[in-house]
Amino acid sequence: MEITFINTFDFQGIEKPIPASESIPDWYKNIDSYMGGKKIPDGQGGTTGTIKRCMPVFDAITAGYLLTLPVDIYVRVKDGKQWFEWSEFELINFHPIEQAKNHPDENGFPFPKFMNPWGVLTPDGYSVLITQPMHRELPFNVLPGIVDTDKYPAPVNIIFSMKDPNFEGMIPKGTVFAQVIPFKREPWKMVYGGEK
């Protein structure tokens with residue numbers, strides 16, 4: 001299978017999307033596989049394995065592709081409004097609160113969105129999940145969505161909200177801001193198992 005990322009911005013400094021497997025978070029790389037560094041029974045039928053021994057976590061971290069910020073973004077609250085400052089080109093735009101009223105990530109300010117330069121094209125029958133980069137420490141939450149990128153290869157902007165509405169500081173260039181995970185669309189039939 002092949003996924004194509006299409007740069008739609010007239011700006012050469014944009015970093016290309018990268019496979020998530022090539023950008024493992026430092027906290028994950030640095031944690032031992034076993035508590036205390038030793039694989040021993042825990043006295044309750046298990047071992048002292050850490051989250052590093054959990055394949056579902058590893059598979060989530062390494063799934064799909066990562067989009068990274070092409071410039072530094074400085075965030076602050078000024079005059080009762082949330083401000084985002086950056087250079088180069090229009091990187092952030094906004095949705096009024098009313099467009100997602102009562103959403104769990106609403107924080108009292110309009111919803112900012114990263115103006116994503118990358119269109120995505122997938123083979124027939126494949127879509128992508130665009131979501132918060134998984135198991136990463138970030139000051140914002142991405143509002144996830146699914147795009148049928150076999151039919152709609154144009155860029156989809158990434159709506160987010162700051163976890164702390166009063167956050168002030170720099171979000172540096174190169175910070176991952178979205179995880180793009182391709183999957184095949186298939187019909188499913190739900191059944192229940194294990195009942196007698």
Side-chain angles (χ1 to χ4, degrees), residues 1 3 5 15-77 82 84 103-109 111-112 114 116 118 120 122 126-147 158-184 186 188 190-196:
M1 283 300 134
I3 185 169
F5 288 89
E15 295 182 29
K16 295 176 181 172
I18 55 173
S21 60
E22 294 179 9
S23 180
I24 307 295
D26 287 340
W27 76 264
Y28 186 87
K29 288 192 283 190
N30 295 334
I31 192 172
D32 286 333
S33 293
Y34 295 95
M35 294 181 285
K38 295 180 183 177
K39 181 181 179 180
I40 58 174
D42 66 1
Q44 299 176 2
T47 67
T48 55
T50 67
I51 195 170
K52 197 167 194 174
R53 301 284 304 160
C54 179
M55 280 310 296
V57 170
F58 179 77
D59 288 345
I61 289 172
T62 59
Y65 305 88
L66 298 172
L67 305 182
T68 60
L69 292 178
V71 295
D72 294 335
I73 300 173
Y74 192 79
V75 185
R76 64 182 167 154
V77 174
Q82 206 169 51
F84 296 82
H103 187 281
D105 286 327
E106 181 188 335
N107 66 10
F109 292 107
F111 284 95
F114 296 114
N116 174 25
W118 296 101
V120 179
T122 52
Y126 284 81
S127 297
V128 298
L129 167 66
I130 300 174
T131 189
Q132 175 87 359
M134 290 190 265
H135 297 286
R136 293 174 186 270
E137 185 177 351
L138 297 168
F140 52 83
N141 285 322
V142 167
L143 280 61
I146 291 174
V147 183
I158 315 295
I159 302 170
F160 67 100
S161 68
M162 299 305 295
K163 291 178 181 176
D164 174 4
N166 296 309
F167 175 89
E168 180 168 351
M170 187 74 74
I171 305 175
K173 175 182 177 177
T175 297
V176 295
F177 70 90
Q179 191 164 356
V180 178
I181 302 172
F183 66 93
K184 185 176 182 180
E186 295 179 292
W188 290 81
M190 186 175 75
V191 296
Y192 294 97
E195 297 178 357
K196 297 197 181 210

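All values below were derived from every heavy atom in this structure, side-chain atoms included, with hydrogens, water molecules and symmetry-related copies excluded. Predicted model only: the values in this text are computed from it and were never measured.
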Next item on the list: Sequence neighbours left out, what pairs pass salt bridge (Lys or Arg N to Asp or Glu O under 4.0 Å) with at least one residue falling in residues 19-30?
Entry: D26-K29
Notebook entry, point to check: Among all residues two or more places apart in sequence or in another chain, which pass the salt bridge (charged side-chain N to carboxylate O under 4.0 Å, His left out) test with R76?
Noted result: E85
Note to self: Does K39, at its NZ atom, have more than 12 non-hydrogen atoms belonging to other residues, nucleotides or ligands within less than 6.0 Å?
What the structure shows: no
Check: Under the criterion side chain to side chain contact (heavy atoms under 4.5 Å, CB included), which of T122, V120, V128 is the partner of V147?
Finding: V128
Checklist line | F160: ring-ring contact (aromatic ring centres under 6.0 Å, His included) partners, not counting sequence neighbours | finding: F84, F114, F140
Check: Under the side-chain hydrogen bond (donor to acceptor under 3.5 Å, both in side chains) test, which residues partner R136, sequence neighbours left out?
Finding: none
Check: Any side-chain heavy atom of V180 within less than 4.5 Å of one from P17?
Finding: no
Would you mind writing out the side-chain donor-acceptor pairs for residues 56-67 within the sub-3.5 Å range, not counting sequence neighbours?
{"unit_1": "T62", "atom_1": "OG1", "unit_2": "F58", "atom_2": "O", "d": "2.9"}

Notebook entry, point to check: If only atom types and distance count, is the side chain of N107 paired as donor or acceptor with the main-chain N or O of M162 below 3.5 Å?
Noted result: yes
Check: Considering residues at least two apart in sequence or located in another chain, which fulfil the side chain to side chain contact (heavy atoms under 4.5 Å, CB included) criterion with E186?
Finding: K184, W188
Checklist line | Under the side chain to side chain contact (heavy atoms under 4.5 Å, CB included) test, residues paired with N141 that sit two or more places apart | finding: D105, Q132, S161, K163
Next item on the list: Please name the pair of heavy atoms, one in L143 and one in F111, separated by the smallest distance, quoted to 0.1 Å.
Entry: CD2-CE2, 4.1 Å
Item checked: Rounded distance [0.5 Å steps], CG in N166 versus CZ in F109 -> 6.0 Å
Margin query: Working to the nearest 0.5 angstrom, can you tell me the gap between M134 CE and I181 CD1?
Written below: 3.5 Å
Note to self: So, taking the atom named OG1 in T175 and the one named CG in D72, what distance separates them when rounded to the nearest 0.5 Å?
What the structure shows: 8.0 Å
Notebook entry, point to check: Can you find a heavy atom in the side chain of F167 that is under 4.5 Å from one in the side chain of Q82?
Noted result: no
Next item on the list: Look at atom CE of M1 and say whether more than 12 heavy atoms of other residues, nucleotides or ligands are closer to it than 6.0 Å.
Entry: no
Margin query: Tell me which pairs pass ring pair (Phe, Tyr, Trp, His ring centres under 6.0 Å) where either residue lies in residues 16-36, with sequence neighbours left out.
Written below: none
Checklist line | Pairwise salt bridge (Lys or Arg N to Asp or Glu O under 4.0 Å) hits with a residue in residues 164-179, at least two apart | finding: none
Next item on the list: Measure the shortest side-chain to side-chain distance between V77 and P165 over non-hydrogen atoms and say whether it is less than 4.5 angstrom.
Entry: no
Note to self: Under the rule for side chain to side chain contact (heavy atoms under 4.5 Å, CB included), what residues qualify as partners of S127, not counting sequence neighbours?
What the structure shows: I146, D148, F183, R185
Margin query: Let me confirm one number: the CD-CD1 distance from Q179 to I130, rounded to the nearest 0.5 Å.
Written below: 11.5 Å
